[in-house]
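Report on the following structure.
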Amino acid sequence: MSFTASRVFKGCRALLAPAKSAAAAATPTPAAPKTTATKKTTAAAAAKPKVKREKPVRLSGILKPMPVSPVLREFLGGVPEASRTDAVKKIWAHIKLHNLQNPTNKKEIFCDEKLKSIFDGKEKVGFLEIGKLLTQHFVKAT
């Protein structure tokens with residue numbers, strides 16, 4: 001064994017030991033006999049179904065549905081509450097459906113009348129501005 005191999009494997013005996021011969025590997029090792037206690041415990045475990053208690057999922061952050069402004073409510077189809085992610089998804093679906101993304105600069109979105117009502121009457125909006133402009137439409141519940 002070379003010095004570099006022992007240095008790479010840091011002296012691990014299993015890695016540095018010579019390989020076993022093919023004859024030694026071909027002989028099967030005897031299996032341990034199964035006990036009846038093992039069968040009883042597995043049968044008992046199979047008889048009792050495990051009851052998994054599910055905790056109710058509490059949405060928070062951008063996934064939490066919040067009341068929306070009347071303007072955004074009209075854009076989203078009349079829903080009184082929406083999560084930020086749902087609102088952004090529906091806005092992007094509208095942008096893609098009406099081909100409002102600037103073909104030369106994909107970061108710009110041309111606003112039609114529906115988007116102008118949400119984005120303070122702006123003609124163009126950067127895609128990173130969407131989240132900031134949506135903030136005013138989510139009413140904080142007190």
Side-chain angles (χ1 to χ4, degrees), residues 1-32 34-35 37-142:
M1 185 78 37
S2 70
F3 173 72
T4 56
S6 65
R7 199 176 85 195
V8 170
F9 295 118
K10 301 202 188 309
C12 181
R13 292 181 193 264
L15 294 173
L16 295 175
K20 294 182 180 179
S21 66
T27 58
T29 57
K34 291 185 178 180
T35 61
T38 307
K39 289 182 183 178
K40 286 181 186 176
T41 57
T42 56
K48 286 185 180 179
K50 291 184 179 179
V51 178
K52 187 175 184 180
R53 295 183 183 157
E54 294 183 18
K55 294 181 181 179
V57 178
R58 290 183 52 187
L59 300 175
S60 63
I62 61 173
L63 298 175
K64 183 178 181 181
M66 296 179 66
V68 294
S69 69
V71 176
L72 187 59
R73 181 181 303 148
E74 183 182 322
F75 181 84
L76 296 176
V79 294
E81 289 186 338
S83 67
R84 289 181 69 84
T85 55
D86 288 339
V88 171
K89 281 180 188 178
K90 289 188 180 183
I91 289 171
W92 272 105
H94 179 79
I95 291 168
K96 296 289 184 180
L97 180 68
H98 297 290
N99 198 20
L100 297 174
Q101 206 167 3
N102 186 352
T104 57
N105 183 5
K106 297 286 185 177
K107 294 180 181 181
E108 284 183 346
I109 292 137
F110 299 125
C111 296
D112 62 354
E113 292 305 316
K114 281 183 122 179
L115 290 178
K116 281 182 187 178
S117 66
I118 296 172
F119 298 143
D120 297 331
K122 293 186 175 188
E123 292 290 324
K124 288 185 202 174
V125 174
F127 77 95
L128 294 176
E129 288 180 74
I130 292 174
K132 184 170 56 172
L133 292 171
L134 277 180
T135 302
Q136 65 188 0
H137 295 289
F138 286 96
V139 182
K140 296 219 179 206
T142 56

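Residues take their numbers from the sequence shown, with the count starting at 1. Only this structure's heavy atoms are used, side chains among them; waters, hydrogens and symmetry mates stay out.
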Going from [atom1] on [X] to [atom2] on [Y], what distance comes out if it is rounded to the nearest 0.5 angstrom?
| X | Y | atom1 | atom2 | result |
| --- | --- | --- | --- | --- |
| Lys107 | Glu129 | NZ | CD | 12.5 Å |
| Leu76 | Ile91 | CG | CD1 | 7.0 Å |
| His137 | Thr135 | NE2 | OG1 | 9.0 Å |
| Thr85 | Lys90 | OG1 | NZ | 10.5 Å |
| Leu100 | Lys114 | CG | NZ | 11.0 Å |

Side chains of [X] and [Y]: does their closest heavy-atom pair fall under 4.5 Å?
| X | Y | result |
| --- | --- | --- |
| Asp86 | Val79 | no |
| Glu123 | Phe110 | no |
| Leu133 | Ile118 | no |
| Val68 | Arg73 | yes |
| Leu115 | Ile109 | yes |

Could you walk me through whether His94 and Phe75 pass the ring pair (Phe, Tyr, Trp, His ring centres under 6.0 Å) test, one step at a time?
-> CA-CA 10 Å; His94 179 79; Phe75 181 84; 5.3 Å; yes

Run the salt bridge (Lys or Arg N to Asp or Glu O under 4.0 Å) check on Lys116 and Glu113 step by step: do they pass?
-> CA-CA 5 Å; Lys116 281 182 187 178; Glu113 292 305 316; 3.8 Å; yes

Lys89, NZ: over 12 other non-hydrogen atoms inside 6.0 angstrom = no

Do other residues, nucleotides or ligands put more than 12 heavy atoms under 6.0 Å from the CD atom of Gln136?
-> yes

What heavy-atom pair brings [X] and [Y] nearest, and what distance separates the two atoms?
| X | Y | value |
| --- | --- | --- |
| Leu63 | Ser83 | O-CB, 3.5 Å |
| Cys111 | Lys122 | CB-O, 3.3 Å |
| Lys106 | Phe127 | O-CD2, 4.4 Å |

Side chain Arg84, main chain Gly131, donor-acceptor under 3.5 Å = yes

